[in-house]
Amino acid sequence: MLPVEQQLKVITSGTMQIVPVEELKAKLEKGVPLNIKLGVDPTSPDLHLGHAVPLRKMRQFQDLGHNVTLIIGNGTALIGDPSGRDSTRPPLTEEQVEANAQTYVEQAMKVLDPDKTSIVYNGDWLKPLDLNKMLALMSKFNVARILEREDFHKRYANNQSIALHEFIYPVLQAYDSVVIGADLEMGGNDQIFNLLAGRDLMRAEGMEPQIALTVPLLVGLDGAKKMSKSYGNYVGLTDEPNDMYGKLMSINDDIIPMYFRLCSTLSVDEIDAIDAAFADGSADPYLMKRELARNIVDLYHGAGAGKLAEEAFDAQFKRNEVPDDIAEYAAADVVELNDEGLVYLPKVLIACGIAASAGEARRAIDGGAVKLDGAALPAKSYNIDPAQLASGTVLQSGKRKWARLV
RNA sequence: GGGGAUGUGGCACAGCGGCAACUGCGGCGGACUGUAAAUCCGCUCCCUCUGGGUUCCCUGGUUCGAGUCCAGGCAUCCCCA
């Protein structure tokens with residue numbers, strides 16, 4: 001294993017807080033692999049780059065020679081983590097949890113090293129808990145302490161409801177740490193209370209308390225809000241390579257270093273150098289962003305995928321070539337003649353998935369966005385000669401929506 | 001349990017009884033670019049559209065005409081107990 005100082009350099013890169021650092025140092029100095037815990041409630045089947053931030057951190061631990069336990073919260077999901085919420089989470093059904101857990105693990109393994117990861121389900125030990133044990137656990141916590149945390153405090157102060165079972169969430173999460181004997185637990189920065197609860201409970205059980213490590217919430221592609229599917233500012237881990245590359249190319253310059261830090265596979269030294277280059281203005285943001293996009297595409301789609309995505313990107317957006325993997329539609333299926341022997345183009349655009357409604361299609365035409373074989377149509381050209389839609393014609397709306405007639 | 005307020009397009013916020021509905025954000029498209037930023041222009045409910053249809057929590061009512069008035073319902077928020 002690397003010297004403690006070097007390990008710490010990697011560990012602290014891109015983290016929010018480590019409580020307490022001295023204890024972590026002491027644990028590392030023992031020179032044995034630590035047990036690193038990450039608990040996830042599979043609330044959604046699709047992971048994005050934001051979810052991958054703690055996973056990346058886990059991977060760094062693995063590369064340093066430590067072991068990682070990924071806890072699938074099929075027990076805790078029955079409550080729903082109240083962290084950062086202003087209302088009670090709807091509970092998931094067992095089937096949802098089951099299905100989500102499977103895709104979660106699949107996606108997580110793109111980041112983690114499967115050989116150094118053990119995957120466990122906390123329902124295995126949480127569901128069999130009997131009343132005695134539950135009460136014993138709950139007696140270790142007190143209400144005033146739990147009410148101190150910001151999310152509960154706010155809800156309480158604002159007269160928003162807090163269901164009693166939500167208080168139990170940190171208790172169960174803490175118990176997970178006891179069961180697996182965690183040395184360190186990580187989470188997003190809204191998780192700090194739950195992580196500290198684990199410390200308290202472990203201490204109460206006479207164990208060496210875990211270290212709490214938090215990573216920041218990743219900012220979304222818009223550079224403003226946190227990355228989230230509902231904001232539409234995310235890069236999904238299963239997004240197609242070209243898509244992923246394109247989305248990353250659209251980010252603002254000033255979040256490039258942060259994305260390198262939290263999402264890329266570059267070494268800490270390399271990332272530090274990039275930070276420095278951005279700080280003194282010597283960095284070329286455009287080239288850096290291309291490197292970032294390649295790196296992340298490689299990570300999720302295999303080495304070389306980034307380069308291919310970049311070439312496709314250059315062809316499509318720099319040289320305005322027709323992308324080669326566009327959807328094809330049989331002209332016979334999509335092209336309909338009206339009484340005058342003309343084709344109502346908006347219908348064709350809808351059939352080819354280029355427009356959501358005829359109105360949208362008409363607006364796109366009027367706005368000069370729609371092109372046939374690269375030639376823009378004049379405004380109001382809604383009814384066109386079917387000869388313009390012969391087999392082989394490429395339909396385009398804007399730079400991103402394409403279809404080919406066959 | 002008592003009292004008060006509010007419910008408008010993805011979000012935010014206007015709207016004297018004549019509105020497909022102000023404005024901002026966001027989004028899309030165009031120009032310019034590095035699918036960055038900044039800036040400028042157009043669009044942003046549906047419909048083969050100088051027109052038609054369906055909208056402003058729900059249900060009824062008043063009216064030639066209701067997002068706007070009335071009644072009841074539902075939801076949310078605030079104050080007091």
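Basis for what follows: all heavy atoms, side chains included, without hydrogens, waters or symmetry-related copies. Chain identifiers are assigned alphabetically (A, B, ...) following the order of the sequence lines, protein sequences preceding nucleic acid strands; residue numbering begins at 1 within each chain.
- Judged by Watson-Crick or G-U wobble contacts below 3.5 Å, the nucleotide B:rC77 has B:rG4 as its partner.
- Note on A:Ser250: every side-chain N or O is 4.0 Å or more away from OP1 and OP2 of B:rA36.
- For B:rG72, the paired nucleotide is B:rC58, the pair qualifying as Watson-Crick or G-U wobble because both relevant distances are below 3.5 Å.
- Pairing for B:rG65 is absent, with no Watson-Crick or G-U wobble pair whose two atom distances lie under 3.5 Å.
- Side-chain to base pairing of A:Asp284 with B:rG34: no donor and acceptor N or O lie closer than 3.5 Å to each other.
- The aromatic ring of A:Phe313 stacks onto the base of B:rU35, its centre lying under 5.5 Å from the centre of the six-membered base ring with the two planes under 30° apart.
- Proximity note for A:Asn338 (side chain, C-beta onward) versus B:rA36, B:rU48, B:rC46: the nearest is B:rU48.
- Pair assignment for B:rG29: B:rC41, on the basis of Watson-Crick or G-U wobble contacts that are both within less than 3.5 Å.
- Distance CG (A:Leu342) to P (B:rU48): 15 Å, rounded to an integer number of Å.
- No salt bridge links A:Arg404 with A:Asp325; every basic N to acidic carboxylate O contact stays at or beyond 4.0 Å.
- Of the candidates A:Asp243, A:Ile296, A:Ile256, A:Asn295, A:Ile296 is the only one forming a side chain to side chain contact (heavy atoms under 4.5 Å, CB included) with A:Leu248.
- The aromatic rings of A:Tyr344 and A:Tyr382 sit perpendicular to each other, their planes meeting at more than 60°, with 30° as the lower class boundary.
- Of the side-chain N and O atoms in A:Ser357, one or more sit less than 4.0 angstrom from OP1 or OP2 of B:rC47.
- Judged by atom type and distance alone, A:Arg363 does not reach the base of B:rC28 through any side-chain donor-acceptor pair under 3.5 Å.
- Base pairing of B:rC19 is not made with any nucleotide, judged by Watson-Crick or G-U wobble geometry with both donor-acceptor distances under 3.5 Å.
- The residues A:Arg363 and A:Asp366 are annotated as not salt-bridged, no charged nitrogen and carboxylate oxygen being separated by less than 4.0 angstrom.
- Among the nucleotides B:rU44, B:rG29, B:rU48, the one closest to the side chain of A:Arg400 is B:rG29.
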